[in-house]
Protein chains: 2
Amino acid sequence: MQVLSTTEENYLKSIYQLLKDGGEKVGTNEIAALTGTKAASVSDMLKKLAEKRLLSYQKYHGVSLTEEGAKTALLILRRYRLWEVFLVEKLKFNWDEVAAIAEELEHVKAPPLVRRLDEYLGFPKFDPHGDPIPDEFGEWSHTPRMILQEVPPGSAGKVVAVTNSSAAFLKYLDKVGIYIGARIEVLDKVEFDGSLELRVDGDKTSFLSREVAANLQVILHPS
Amino acid sequence: MQVLSTTEENYLKSIYQLLKDGGEKVGTNEIAALTGTKAASVSDMLKKLAEKRLLSYQKYHGVSLTEEGAKTALLILRRYRLWEVFLVEKLKFNWDEVAAIAEELEHVKAPPLVRRLDEYLGFPKFDPHGDPIPDEFGEWSHTPRMILQEVPPGSAGKVVAVTNSSAAFLKYLDKVGIYIGARIEVLDKVEFDGSLELRVDGDKTSFLSREVAANLQVILHPS
DNA sequence: AATATTTTTTAGACTGATCTAAAAATTACA
DNA sequence: TGTAATTTTTAGATCAGTCTAAAAAATATT
């Protein structure tokens, strides 16, 4: 694994991002827009990263990541998301405040730090936005997630993500005792309005509206 | 408070360091040695930092920090030492492994991060090496410290620092239940060999040799 | 298919931080 | 006190990352 500058890491992360929800190849202008630079600067950097075998680049025809480039991007993403978890779970930041800080922290390279942080956080599989955290080999956890609203009554699982981070929503979740990692059982689903009756952490029983349940993601426990 | 580059921060920190245990003025070569650069580079940087009013600089006659420069250096030191505490207390690194990592983390600028980290760590006043942590205004805690060996019998206090970090020493401390933050009472001092009898955290009673007690620093509780 | 538009690359310049080599100032000492 | 040794500064170059403006290639349009 090569040592990259912060700048190189940021390019790699942006390219990964664009390819993931973009497609096969990504163009210079797109990258420039995402990294906050100009197309000319991107061209230079692409040459550099291609020489390092992190991406394959044909002039005028966009780039894609090599195996190594993709893996490197995933390890950067891993650091980013672990720090997000730390900031939210330990330092009590709100989910929408952590992006900028995590972007600074992700470039701290010391390798044992990442391992210890992961351990300290309890090997989380998802970040506070519900995005999966790659493992130390750059592999995804393949545990499937469901939207709570779509979980059939009788199932039990764990809240792994929230897809709305308005203050009001978070406050509400707090009130009914739901948090990332909370164990939940779906007891019943009300036909009339789609609301759910559920047990949280084995004791408290709550009713959640369809709107709320649609913004919670869970992984199910094998039944 | 101006925004400084990582490089500028490192120079400032080094200069602070040299002045603290050096004296009035510090020379270009010394700074170069500590920052791992050459005297010529230091000259350039001194000009730059002098223009930013962080230090006062007269050609050929060394530098000293201005009020603002010293305060800035202390806030960098604050970040450094808070991260040290985090790495040791939370991530369970050994005291002698954290320097390089903390040096990377100290340059993460997001201001709310430092406040939250401080709070999360319980507003520590000393880092794992026993060095004091400046407050958010760049002021020192003025609680005086003593070497445990010199504490008169009958006094009570708290262990705030260890001045030896050999594995054997740490292991021994662990065995007798002493750690940073441990509450101790000096019960008696043996004339013969200068060893101490003390109570740790209100219950366990230990005997510490003079050598060991000479490597522990405490702050005394008002009696 | 020829031309117009858009995208990408190149050329050349700038900034921040660094270096080496040479010049200048300070300090040491004979 | 005058010369030698040391320290510091300057001059000029290099490197990474960026920019603007112009050239080149690809794509779209008529």
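Protein chains get the first letters and strands the later ones, always in sequence-line order, with residue 1 at the start of each.
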Footprint string (nucleotides 3-13 of chain C, 5' to 3'): B base within contact, S backbone only, - free, heavy atoms under 4.0 Å: ----SBBB---

Least distance between heavy atoms, A/A214 atom then A/T163 atom: O-OG1, 4.0 Å

A/S56: side chain to side chain donor-acceptor pair (under 3.5 Å) partners, not counting sequence neighbours: A/S64

N/O (side chain, B/Y11) to phosphate O (OP1/OP2, C/dT18) under 4.0 Å: yes

Side chains of B/Q217 and B/R145, donor plus acceptor under 3.5 Å: yes

Nearest heavy atoms of A/E9 and A/E106, plus distance in Å: OE1-O, 4.2 Å

Identify each donor-acceptor pair in which a side-chain atom of residues 90-102 of chain A lies under 3.5 Å from a protein atom, sequence neighbours left out, and give them as a table.
residue	atom	partner	partner atom	Å
A/K92	NZ	A/E89	O	3.0
A/E97	OE1	A/N94	N	2.8

Nearest-angstrom distance from the residue atom CD of B/E51 to C1' of C/dT15: 14 Å

Whole-Å gap separating C1' (D/dC19) and CE (A/M45): 14 Å

Whole angstrom value for the distance that separates P of D/dA26 from NZ of A/K25: 14 Å

B/K38 side chain near C/dT20 phosphate (N/O to OP1/OP2, under 4.0 Å): yes

Parallel, tilted or perpendicular, as decided by the 30° and 60° cut-offs, for the rings of A/F86 and A/Y120: tilted

